[in-house]
Amino acid sequence: MTAVLFDFSGTLFRIESAEAWLRAVLEEAGVGLPEGEVTATARALEVAGALPGGAAPGRVPAEMAGVWRVRDESAAAHRAAYTGLSRQVVLPDAGLHDALYDRHMTPAAWAPYPDALDVLSGLRESGVSVGVVSNIGWDLRPVFREHGLDRFVDAYVLSYEHGVQKPDPRLFAVACEALGVDPRAVLMVGDDRRADGGAATLGCAVHFVDHLPAADRPDGLRPVLNLVSRAREAGNG
């Protein structure tokens with residue numbers, strides 16, 4: 001095994017809670033709401049699925065179904081999809097919908113899982129290449145840089161930059177080509193069995209982690225090191 005591909009959201013990083021997201025935007029905008037209203041609004045945004053990387057929408061409005069299906073294929077579609085879901089919830093100022101979307105793209109809105117540093121550094125020490133393959137509508141590289149993990153990533157393959165979204169095997173093929181590796185010597189690690197499982201079409205091994213809050217998943221990535229070690233030992237046997 002010569003390379004590991006990782007998903008971003010729910011795998012290496014976790015987005016802040018819907019309530020923290022809303023509070024940060026309200027504070028930045030200087031908008032005050034009663035405490036109970038903040039909690040209720042955050043919950044409504046969560047149910048609507050308006051927070052990228054957060055809970056999936058309970059229902060996608062019929063008029064948004066088309067853009068939702070291709071949301072990760074362009075920056076415009078991604079913004080339209082998530083601000084559209086946000087607008088299902090009444091906010092005190094219409095401009096807050098775009099402010100919420102802008103907030104989720106900031107490094108401050110994301111936290112790496114507790115074991116991400118150890119796992120990525122361990123792979124680097126073992127000479128294993130690392131790629132990030134994400135369904136996303138914006139450049140996540142600053143998030144990795146701000147949290148000190150960029151130095152462990154050899155390639156980023158982001159859906160909106162290629163107009164293709166997982167599980168389409170073409171996105172994984174781009175990642176393998178960027179790393180110069182045979183897909184059959186690659187492990188894909190992600191939290192979405194459908195999207196990330198698309199790597200298996202190319203012959204990649206696939207390992208899934210649970211999409212949980214960072215505090216609730218302190219060591220979910222650590223098995224990756226053992227999987228890689230065993231695979232390399234088997235290859236040398």
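Position 1 is the first residue of the sequence, and the numbers go up from there. Worth saying up front: this structure is predicted, and the values here are computed from it rather than measured.
Residues passing the side-chain hydrogen bond (donor to acceptor under 3.5 Å, both in side chains) test with R79 are D98, D102, sequence neighbours excluded. Residues meeting the salt bridge (Lys or Arg N to Asp or Glu O under 4.0 Å) test with E73, sequence neighbours left out: none. Here R230 pairs with nothing under the salt bridge (Lys or Arg N to Asp or Glu O under 4.0 Å) rule; sequence neighbours left out. Every residue two or more places apart in sequence or in another chain that forms a salt bridge (Lys or Arg N to Asp or Glu O under 4.0 Å) with D168 is listed here: R170. The ring pair (Phe, Tyr, Trp, His ring centres under 6.0 Å) check on Y82 picks up W68, H78, with sequence neighbours excluded. Partners of H147 according to the ring pair (Phe, Tyr, Trp, His ring centres under 6.0 Å) rule, which considers only residues two or more places apart in sequence or in another chain, are F13. Take E35 and apply the salt bridge (Lys or Arg N to Asp or Glu O under 4.0 Å) test, not counting sequence neighbours, and it matches R23.
By the criterion of side-chain heavy atoms lying less than 4.5 angstrom apart, applied directly or through intervening Ile, Leu, Val, Met, Phe, Trp or Tyr residues, L171 is not grouped with L12; the two fall into different hydrophobic clusters. Hydrophobic clustering (side-chain heavy atoms under 4.5 Å, transitive across Ile, Leu, Val, Met, Phe, Trp, Tyr) groups V130 together with V224. Linking Ile, Leu, Val, Met, Phe, Trp and Tyr whenever their side-chain heavy atoms come within less than 4.5 Å puts V189 and L140 in one cluster. V206 and M1 end up in different hydrophobic clusters when Ile, Leu, Val, Met, Phe, Trp and Tyr side chains are linked at under 4.5 Å. Cluster membership for V143 and L120, using ILVMFWY side-chain heavy atoms within less than 4.5 angstrom, is shared.
Minimum interatomic distance between T41 and V89 (heavy atoms only, all atoms of both residues): CG2-CG1, 4.1 Å. The two residues S129 and D154 have their closest heavy-atom pair at CA-OD2, 3.3 Å. Nearest approach of A80 to V67, heavy atoms of both residues: CB-CG2, 4.1 Å. The two residues V164 and S159 have their closest heavy-atom pair at O-CB, 3.0 Å. Minimum heavy-atom separation, G220 to V209: O-CG1, 3.5 Å. The two residues S126 and R232 make their nearest non-hydrogen contact at O-NH1, 2.6 Å.
Counting only heavy atoms from C-beta outward, the side chains of L221 and F6 approach each other to under 4.5 Å. Counting heavy atoms from C-beta outward, S86 and L45 have side chains that approach closer than 4.5 Å. Between F208 and D196 there is a side-chain heavy-atom pair separated by less than 4.5 Å. Inter-residue side-chain proximity for V4 and V119 is flagged as unmet; no heavy-atom pair is nearer than 4.5 Å. At least one side-chain heavy atom of P112 sits under 4.5 Å from a side-chain heavy atom of L149. Looking only at side-chain heavy atoms (C-beta outward), I15 and W21 stay at 4.5 Å or farther from each other. By the 4.5 Å heavy-atom criterion applied to side chains, L117 and F152 are counted as neighbours. Contact of the D7 side chain with the M188 side chain is registered, since non-hydrogen atoms from C-beta on lie closer than 4.5 Å.
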Go through the steps to decide whether M64 and Q88 satisfy the test side-chain contact (heavy atoms from CB on, under 4.5 Å), and finish with yes or no. CA-CA 11 Å; M64 290 183 55; Q88 306 302 306; 4.2 Å; yes
Under the side-chain contact (heavy atoms from CB on, under 4.5 Å) rule, what do L100 and L51 come out as? Steps first, then yes or no, please. CA-CA 8 Å; L100 284 168; L51 174 59; over 6 Å; no
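Within the structure, no pair that satisfies the ring-ring contact (aromatic ring centres under 6.0 Å, His included) test touches residues 180-202, not counting sequence neighbours. A salt bridge (charged side-chain N to carboxylate O under 4.0 Å, His left out) check over residues 38-53, counting only residues at least two apart or in different chains, returns the pairs R43-E46. Judged as a ring-ring contact (aromatic ring centres under 6.0 Å, His included), not a single pair has a partner in residues 177-200 (not counting sequence neighbours). Screening residues 181-192 for side chain to side chain donor-acceptor pair (under 3.5 Å), with sequence neighbours left out, gives T11-D191, D182-R184, D191-H211. A side chain to side chain donor-acceptor pair (under 3.5 Å) check over residues 137-146, counting only residues at least two apart or in different chains, returns the pairs H104-W138, D139-R141, R141-E161.
Atom OG1 in T2 sits 8.0 Å away from atom CG in L179 (nearest 0.5 Å). Between the CD1 atom of I136 and the CZ atom of R71 there is a distance of 12.0 Å, given to the nearest 0.5 Å. Here the straight-line distance linking atom CG of N226 with atom NE2 of H207 works out to 9.5 Å at 0.5 Å rounding. The OH atom of Y156 sits 3.5 Å away from the CG atom of D150 when rounded to the nearest 0.5 Å.
Checking side-chain atoms of R217 against main-chain N and O of Y113 turns up no donor-acceptor pair under 3.5 Å. Looking only at distances, no side-chain donor or acceptor of S134 sits under 3.5 Å from a matching main-chain atom of L158. Within the 3.5 Å criterion, the main-chain N or O of Q165 finds no donor-acceptor partner in the side chain of N135.
Ring geometry for W110 versus F8: interplanar angle of 30 to 60°, hence tilted.
Applying the 6.0 Å contact sphere to CD of E63 captures more than 12 heavy atoms from other residues, nucleotides or ligands.
Between R222 and D118 a salt bridge is recorded (basic side-chain N to carboxylate O distance below 4.0 Å). A salt bridge does not link E28 with R103: none of the charged nitrogens is closer than 4.0 Å to a carboxylate oxygen.
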